[in-house]
*Asks:* 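Below you'll find the structure I mean.
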Amino acid sequence: MKPYLKRAWAEISIGQLRRNVEIIKNLNSESTEIMAVVKADAYGHGDEHICRCLYEECGIKYFAVSNLDEAITVRGYCPEAEILILGYTPPEYAHEISQYNIIQGVVSTEYAHKLVQNTPSEIRCHIKIDTGMGRIGLKHDTPELCAEEIESIMKTEKLSVEGIYTHFAVADSDSPDNIAYTDRQEKFICDTYDVLVKHGIHIPHIHFMNSAGTCYRNNPKSTLSRAGIIMYGLHPDISLDIPDGLKPVMSVKAVISHVKTVQKGDCISYGRTFTADKEMKIATVTVGYADGYSRLLSSKGEILVHGKRCKIVGRVCMDQLMIDVSDVETHSGDIVTLIGTDGNESITADELANLYGTIGYEVVCGISKRVPRIYTK
Ligand SMILES: *Cc1c(COP(=O)(O)O)cnc(C)c1O
């Protein structure tokens, strides 16, 4: 048995992950530590290897995930780490939260009460404040009222409140209106924290920076920077540059299974959306939408063959697609690059995302389970 099937695979550069983390550490002030966001199988990169590298090699102590299953998985890789669940856990799982020493995000007084009713043990939490994302969290008109509810939640027996946090909605935009919006979000949580301090309450953590916050408005008041996408080397938003040296961790490759010459009038793939208007050389590539290479890239995407960009012709199928290789010397068995660098050319997940109107986040998360992840130094 070969170590992995050379059909379609993702190469994950652990060395680049380490370099990205070093850059993020340097962006943060001394008072801020990285909370590595490893939800969704570390944004599709594979949480085991990513967590082990972050925990054992980079010295990361804080991790954030979306749910209890992910938290328990990460606990297996990072025995002493602090792990925060950002999303919802049904209260009947409160016992598992304490059993695995996980920190739960708490979004309301009602939810806090339900959690503690469901376990005899103590529950650790960070309280989420909705300052403008409109998703989850305590919502108040003034920091004073918000602090009041936090103080009331803190009186809940068996509940240990160790942090407050909020999430930016538009920190990845440089329009004046959006900057003002993020300013207001940031001021609200900082003012809430100050009210608590004035009342003699010192909660260890206040955090509001995501990747965009970390890149564009780093603030020493945030004790944690919840870095997700920039750790994996992608842009929070394609239109804004990210700091030098942050580079993608994931590349995706496949192979050419068949090369043929077609004549003027020959059709390619389902729906006959492509008809050759001249003699052409067409190659078939061993990847399709079931691998997470979107069908929306039909007749749009490009693939690197020996360092040259080759256009997809016709529809992307479930397991295969066709490209125009009229200008490249290529043979069955050659390796091609869907995402990554070959020679002087690069195609990033951000570029693919832009082609069909999504974000790099969705492209890397969408690389399916069928695609083996291969880890390189
Ligand atoms: C996903 C998520 C993050 C990370 O966002 P990035 O843009 O990838 O840095 C941070 N905080 C919360 C609450 C999230 O849901």
Side-chain angles (χ1 to χ4, degrees), residues 17 20-21 23-25 27-28 32-45 47 50-51 54 60 62-68 70-71 74 82-89 102-108 111 125-139 163-174 178 182 185-186 188-189 205-219 222-243 246 248-250 348-350 353 358-366:
L17 176 70
N20 290 349
V21 168
I23 291 168
I24 300 166
K25 280 183 184 167
L27 293 171
N28 287 335
T32 304
E33 285 204 58
I34 295 176
M35 173 176 261
V37 183
V38 293
K39 60 193 180 191
D41 202 20
Y43 289 42
H45 293 65
D47 52 16
I50 298 293
C51 288
L54 294 172
I60 302 282
Y62 297 91
F63 291 82
V65 295
S66 82
N67 66 59
L68 181 63
E70 290 179 353
V74 172
E82 300 289 20
I83 303 169
L84 171 65
I85 297 177
L86 299 165
Y88 181 70
T89 305
I102 306 293
I103 305 167
Q104 174 62 46
V106 159
V107 301
S108 67
Y111 182 61
C125 78
H126 287 193
I127 296 177
K128 180 74 182 283
I129 306 171
D130 182 3
T131 59
M133 176 69 183
R135 192 165 65 178
I136 44 172
L138 315 187
K139 193 160 163 42
I164 62 171
Y165 69 112
T166 196
H167 194 47
F168 290 150
V170 284
D172 57 354
S173 162
D174 62 356
N178 284 336
T182 312
Q185 286 197 268
E186 191 177 270
F188 192 97
I189 188 164
H205 287 289
I206 161 174
H207 49 107
F208 43 85
M209 290 196 293
N210 53 2
S211 287
T214 305
C215 289
Y216 310 124
R217 44 185 311 132
N218 202 289
N219 184 330
S222 188
T223 63
L224 301 169
S225 74
R226 300 188 309 266
I229 202 73
I230 51 170
M231 227 168 40
Y232 309 103
L234 298 177
H235 291 64
D237 185 292
I238 187 82
S239 64
L240 287 187
D241 287 340
I242 50 176
L246 291 173
V249 168
M250 182 194 286
T348 62
D350 289 325
T358 185
I359 48 178
Y361 295 70
E362 189 174 350
V363 171
V364 286
C365 288

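Remember, it's 1-based here, ligands and their atoms both numbered in the order they're listed.
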*Asks:* Identify, by atom number and element, the atoms of ligand 1 in contact range of Tyr43, meaning under 4.0 Å from any of its heavy atoms.
*Replies:*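 This gives 1 (C), 4 (C), 5 (O), 6 (P), 8 (O) as the contact atoms.
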
*Asks:* To check you understand the geometry: which heavy-atom pair defines the closest contact between Ile83 and Val65, and what is its length?
*Replies:*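 The pair with the smallest heavy-atom distance is CG2-CG2, 4.1 Å.
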
*Asks:* Short list, please: which atoms of ligand 1 are under 4.0 Å from a heavy atom of Arg226?
*Replies:*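 Counting from 1, the qualifying ligand atoms are 4 (C), 9 (O), 10 (C), 11 (N), 12 (C), 13 (C).
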
*Asks:* Does an N or O anywhere in Ile229 fall below 3.5 Å from an N or O of ligand 1?
*Replies:*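 N/O-N/O distance under 3.5 Å: yes.
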
*Asks:* Run down the list His167, Met35, Met133 and name the one with the heavy atom closest to atom 12 (C) of ligand 1.
*Replies:*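 Checking each option, the heavy atom nearest atom 12 (C) of ligand 1 is found in His167.
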
*Asks:* Under the criterion side chain to side chain donor-acceptor pair (under 3.5 Å), which of Asn219, Asn28, Thr32 is the partner of Ser225?
*Replies:*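 Per the side chain to side chain donor-acceptor pair (under 3.5 Å) rule, the option paired with Ser225 is Asn28, out of Asn219, Asn28, Thr32.
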
*Asks:* Near Lys39, which atoms of ligand 1 are under 4.0 Å from a heavy atom of that residue?
*Replies:*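 The list of qualifying atoms is 1 (C), 2 (C), 3 (C), 14 (C), 15 (O).
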
*Asks:* Check this for me - ligand 1, Val37, N or O atoms closer than 3.5 angstrom, yes or no?
*Replies:*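 N/O-N/O distance below 3.5 Å does not exist for this pair.
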
*Asks:* When you measure from atom 7 (O) of ligand 1 to every protein heavy atom, which one gives the shortest distance, and what is it?
*Replies:*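 Looking only at protein heavy atoms, the one closest to atom 7 (O) of ligand 1 is Tyr361 OH, 2.6 Å.
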
*Asks:* Answer yes if the side chains of Asp237 and Ser239 hold a donor-acceptor pair under 3.5 Å, and no otherwise.
*Replies:*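 Present: a donor and an acceptor within the cut-off.
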
*Asks:* How close do Gly228 and Ser211 get, heavy atom to heavy atom, and via which atoms?
*Replies:*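 For Gly228 versus Ser211, the nearest heavy atoms are N-OG, 3.1 Å.
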
*Asks:* Minimum heavy-atom separation for Ser108 to Leu138, with atom names?
*Replies:*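 Looks like CA-CD2, 3.7 Å.
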
*Asks:* Check whether any side-chain N or O of Gln104 sits under 3.5 Å from a backbone N or O of Leu86 as a donor-acceptor pair, and report yes or no.
*Replies:*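 Absent.
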
*Asks:* Tell me, please: is Arg135 in heavy-atom contact with ligand 1, that is, under 4.0 Å?
*Replies:*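 Yes, that is the case, since the closest heavy atom of the residue is under 4.0 Å from the ligand.
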
*Asks:* Please report the closest heavy-atom contact between Tyr232 and Asn20, naming both atoms and the distance.
*Replies:*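 Smallest heavy-atom distance, with atoms named: C-ND2, 3.9 Å.
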
*Asks:* Give me the residue, atom name and distance of the protein heavy atom closest to atom 9 (O) of ligand 1.
*Replies:*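 Sorting protein heavy atoms by distance from atom 9 (O) of ligand 1 puts Ser211 OG, 2.5 Å first.
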
